[in-house]
Amino acid sequence: MSPPDPDLLSLNTATICKQWSLAQAIAGCARHGIRGIAPWRDQLHEMGVEPAAHAIRGHGLTVTGLCRGGMFPAADAAGRRAAIEDNLRAVDEAQALGARCLVLVAGGLPGGSKDIAGAREQVRDGIAAILPHSRQAGVPLAIEPLHPMYAADRACINTLGQALDLCDALDPRIEGGLGVAVDVYHVWWDPQLERQIERAGRARLIAFHICDWLVPTRDLLNDRGMMGDGVIDLPRIRSWMQHAGYAGFHEVEIFSELDWWRRDPDQVLETCKQRHQRFC
Ligand code: ZN
């Protein structure tokens, strides 16, 4: 397989969030010739949505996704309502940035609950509640299934097949504006992965997040590896994505307390570019 188009590389700013503000990350991407960027809302709020949108446009960057919406389940109706309202605001922010999607991390179990089926229903209802607004805003919603180790506290949507079932339930005629974010860190192990990527097809494949799975993994959240340092067959997964019709960006998203968050961010970006060419 030939190396990927370098213009398809995107930086999820989580990768350098301990070293750089969003303004610095935007300037850094421009300086390093990285054409895509995916900000997080906390840093976006610090910078301000309008100044960020202006800076991103000024450098001609593509916002490959806004991280993140979701977190729908709550212990009571007021909590669920607050989550929906926050998601509606996130849609507006994504629209202001011209983002290609709002990434949805479903949310886990409400405190004290053991009802994962109920949590999944709340996720379905939450997405249904925001879908009309996101469609009107022209902001696709990308459901990101998370590895099952996060089912309790972050996301009770854990496989690509499950995320696509949700898409089919909420958008049975594929009217658009609803799909999935395929993050290799969360789904690489799934024996159904190739089949589910094919099932998703061009209409539902909205985002593609890359990094690597380290052996051993020292921290369940913040020990993701740089492409090439772990066991994920990235070229194979990229080939499945392309074969299914995905032609979008490859977004590097690395949470790394022990390694990449401690390095010079300019060096991190250079490494992302090199590893994208060599290992993806
Ligand atoms: Zn991701």
Side-chain angles (χ1 to χ4, degrees), residues 8-18 22 25 34 36-44 62-72 87 90 94 97 99-108 123 127 139-151 153-160 162-164 166-167 178-190 193 196-197 200 204-214 217 219-227 229-230 232 234 237-238 240-241 246 248-257 260-261 268 272 275-276 280:
L8 290 179
L9 182 64
S10 173
L11 178 75
N12 185 300
T13 60
T15 308
I16 38 74
C17 65
K18 302 295 174 185
L22 180 54
I34 294 175
I37 190 165
W40 282 68
R41 290 181 72 207
D42 53 345
Q43 286 198 328
L44 179 65
T62 298
V63 176
T64 55
L66 176 63
C67 293
R68 60 176 199 240
M71 297 291 166
F72 292 107
N87 275 272
L97 295 178
R100 289 200 171 178
C101 66
L102 174 65
V103 173
L104 297 183
V105 170
V123 172
I127 297 173
V139 175
L141 301 176
I143 304 168
E144 179 167 337
L146 260 54
H147 190 284
M149 68 184 170
Y150 304 115
D153 59 349
R154 281 195 162 68
C156 57
I157 306 299
N158 306 106
T159 64
L160 193 53
Q162 199 188 353
L164 289 168
L166 199 48
C167 291
L178 184 62
V180 293
V182 176
D183 185 325
V184 297
Y185 193 74
H186 297 300
V187 299
W188 70 276
W189 56 273
D190 183 352
L193 185 59
Q196 296 298 333
I197 287 174
R204 298 259 199 244
L205 292 172
I206 297 180
F208 182 39
H209 300 175
I210 56 174
C211 67
D212 215 332
W213 183 281
L214 298 177
T217 290
D219 182 288
L220 294 185
L221 189 60
N222 294 326
D223 194 25
R224 294 189 181 204
M226 179 63 71
M227 297 82 75
D229 287 343
I232 300 179
L234 288 158
I237 298 176
R238 176 168 73 95
W240 293 342
M241 292 288 288
Y246 180 77
F249 279 77
H250 310 153
E251 182 182 314
V252 179
E253 183 182 31
I254 299 172
F255 307 90
S256 174
E257 190 74 61
W260 298 97
W261 283 347
V268 176
C272 288
R275 299 293 188 88
H276 178 235
C280 297

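Every number for a ligand or one of its atoms is a count from 1 in the order of the listing.
The shortest non-hydrogen separation linking L102 to R68 is CD1-C, 4.1 Å. Between A25 and T13, the shortest heavy-atom contact is CB-CG2, 3.9 Å.
Rounded to the nearest 10 degrees, the angle OD2 (D183) to the Zn ion (ligand 1) to OE1 (E253) equals 80°.
The Zn ion (ligand 1) has H209 among its coordinating residues (N/O/S atom, backbone or side chain, under 2.8 Å).
Nearest N/O/S atom of E144 with respect to the Zn ion (ligand 1) is recorded as OE2.
In summary, of the residues considered (I127, V123, I157), a side chain to side chain contact (heavy atoms under 4.5 Å, CB included) with L104 occurs for I127 alone.
Using the six-membered ring where Trp is involved, W213 and W188 have ring planes that are tilted, between 30° and 60° apart.
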